[in-house]
Novice: 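Below is one structure. I have some questions about it.
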Number of protein chains: 2
Amino acid sequence: MSVDAVRVPGRRGRPGHSVDSLLDGAVALFNERGYEATSMDELAARLGITKSAIYHHVPSKVELLRLALDRALDALFAVTQEAGASTGPAIDRLEYVVRGSVRVLAAELPFVTLLLRLRGNTEVERTALQRRREFDRIVTGLVRAAEHEGDVRTDVDPALVSRLLFGTVNSLTEWYRPGGDLSAEDLSDAVVTITFSGLRTTPG
Amino acid sequence: MSVDAVRVPGRRGRPGHSVDSLLDGAVALFNERGYEATSMDELAARLGITKSAIYHHVPSKVELLRLALDRALDALFAVTQEAGASTGPAIDRLEYVVRGSVRVLAAELPFVTLLLRLRGNTEVERTALQRRREFDRIVTGLVRAAEHEGDVRTDVDPALVSRLLFGTVNSLTEWYRPGGDLSAEDLSDAVVTITFSGLRTTPG
DNA sequence: CCTACCGATCGGTAGG
DNA sequence: CCTACCGATCGGTAGG
């Protein structure tokens, strides 16, 4: 993602940081210490530059937060758009959104992690939370449609099914680390198996 | 829980706050703003007392955190102890732990929420995270036992099943609010149904 | 002398 | 990108 903290031939001045490489460091710190508890001095120390150097690239601390949250949200909405383009059964589109969300979560882990930890203290956070709720509405719509098509159980409310389903997906940020033994593909398979078919063996 | 910010007959001095009522206010603020981002002045303002009055009851900010985390962890470990006393099938003990965890989560929501948002920046947080990992090991052991008894599917690793299961349970803190339309009992039923049997209708 | 605080201020550090 | 700063606020403690 951020391989651009390097010399670009033909450009003047010091190599220095780009907004992207700066964003990677900021998001890592926000996730470690919390957004509000992270100081710009800490971020500067982490990046090996001064606080003022950061303000050369971005106008404020909250703008770093906005850029990070938009990156996660844009990737998640791209998944719902891809799923919406299909005309197949709603249960298949739901599975597509679950697999796509796991893929985005693995590919953009720090950004999705930050998104899921929002408290809504600032205006930027509240705007991001609105977009999250819009994502939830889309998923709930898919669950409801799949229920009407007879592919989802009717003894649990679709909104509740949707919340439990994405509760499971979102909880992956708490422990999943790409590059380990478990690939994002294998993780997707396990998540779909457990959430769609349950952990219990069919009795009998 | 904290009804003791009232006059106790026979005691001298002002009624004032108890450690328990103080803890309720502290945990509410910690969850809103984050532990590190919460100042003792904010807490004092919220409680309608001075900062010095807080230090009359507790020696430090981190002691408030410790008390809150221990309350959540003690309640969760009580559930595993109750489940461990049973000699029935492991799948039944697993269900007991899931239902008990949902009950604790609903009854002690602010305290469990705080526990699940730990970053591990302080020694107190790291100690609490160790106790959480011990809880996870107990649950994984139950899943493994239930698998050996033929009641849990064998195509997903027990540690992964355990993580997905408690990912679902823990995600309840993100949206569940007691006192609404959904009782903790109904929520338990839905969680057990979805996690044990899946959201999909059995094909055919 | 007790419990339950208050008004003021300490040495350091925050975001900008 | 740096040095040199600002208004304010941090967790914690003094005497009464």
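In what follows, chains are A, B, ... by sequence order, proteins preceding strands, each numbered from 1. Being a predicted model, the structure only gives us computed values, none of them experimental.
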Novice: Taking only side-chain nitrogens and oxygens of A/S52, does any of them come within less than 4.0 Å of OP1 or OP2 of D/dC2?
Specialist: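 For A/S52, the contact criterion (side-chain N or O under 4.0 Å from OP1 or OP2 of D/dC2) is not met.
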Novice: Heavy atoms only, 4.0 Å cut-off, all strands: where does B/S39 land among base, sugar-phosphate and nothing?
Specialist: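 It contacts sugar-phosphate atoms only.
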Novice: Whole angstroms only, please: what is the CD-C1' distance between B/E63 and D/dG11?
Specialist: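 Computing the B/E63:CD to D/dG11:C1' distance gives 15 Å.
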Novice: Assess the side chains of A/E63 and A/S60: does a donor N or O sit below 3.5 Å from an acceptor N or O?
Specialist: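 No pair is found: no donor N or O on one side chain lies under 3.5 Å from an acceptor on the other.
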Novice: Write down the distance between CD (B/E42) and P (D/dC10), rounded to a whole number of angstrom.
Specialist: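 Rounded to the whole Å, the gap is 6 Å.
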Novice: Can you identify which nucleotide, out of D/dC2, C/dG16, C/dC5, has its nearest atom closest to the B/A53 side chain?
Specialist: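 Of the options given, the side chain of B/A53 lies nearest C/dC5.
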Novice: When the distance from CE of A/M40 to P of D/dC6 is rounded to whole Å, what number comes out?
Specialist: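 Rounded to whole Å, this separation is 21 Å.
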Novice: Would you measure the distance from the P atom in D/dA4 across to the matching atom in C/dG16 and give it in whole Å?
Specialist: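 Each nucleotide's P atom is 22 Å from the other's.
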Novice: Do A/R200's NZ or CZ and the ring of B/F196 fall within the cation-pi criteria of under 6.0 Å and 45°?
Specialist: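 Ring-cation test returns no.
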Novice: Does a donor on one side chain sit under 3.5 Å from an acceptor on the other, for B/T122 and B/E125?
Specialist: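 Distance-only check passes for B/T122 and B/E125.
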Novice: In whole Å, I'd like the distance from the CG atom of B/L43 to the C1' atom of D/dT9.
Specialist: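 After rounding, the gap between these two atoms is 16 Å.
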Novice: Can you see if the side chain of B/Y55 gets near the phosphate of D/dT13 - specifically, an N or O under 4.0 Å from OP1 or OP2?
Specialist: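 False: B/Y55 side-chain N/O out of range (4.0 Å or more) of D/dT13 OP1/OP2.
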Novice: Between C/dG16, D/dG11, C/dC5, which nucleotide gets closest to the side-chain atoms of B/H57?
Specialist: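 Among C/dG16, D/dG11, C/dC5, the one nearest the side chain of B/H57 is C/dC5.
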Novice: Using heavy-atom distances to pick each residue's nearest nucleotide on DNA chain C, tell me which of B/G48 and B/K51 is more 5'.
Specialist: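 Nearest nucleotide further toward 5': that of B/G48.
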Novice: If I take atom CG in residue A/D41 and atom C1' in nucleotide C/dG15, what distance separates them, rounded to the nearest angstrom?
Specialist: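 Distance, rounded to whole Å: 8 Å.
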Novice: Rounding to an integer number of Å, can you tell me how far B/L29 CG sits from D/dG11 P?
Specialist: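 The answer, rounded to whole Å, is 11 Å.
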Novice: Look at the side chain of A/H56 and decide which nucleotide, out of C/dC5, D/dC2, D/dC1, has an atom nearest to it.
Specialist: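 The nucleotide sitting nearest to the side chain is D/dC1.
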Novice: Donor-acceptor pair under 3.5 Å: do we get one between A/K61's side chain and the base of C/dG16?
Specialist: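 By the distance-only test, no, there is no pair.
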Novice: On the six-membered ring of A/Y55, is A/K61 placed so that its NZ or CZ lies under 6.0 angstrom from the centre and within 45° of the ring axis?
Specialist: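 Geometry flag: not set, cation outside 6.0 Å or 45°.
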Novice: How close or far is atom C1' of C/dT13 from atom CD of B/E36, stated in whole angstroms?
Specialist: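 So the CD-C1' distance, B/E36 to C/dT13, works out to 14 Å.
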Novice: Using a 6.0 Å cut-off, check whether atom CG of B/D181 has over 12 heavy atoms from anything other than its own residue.
Specialist: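 Counting other residues, nucleotides and ligands, CG of B/D181 stays at 12 neighbours or fewer.
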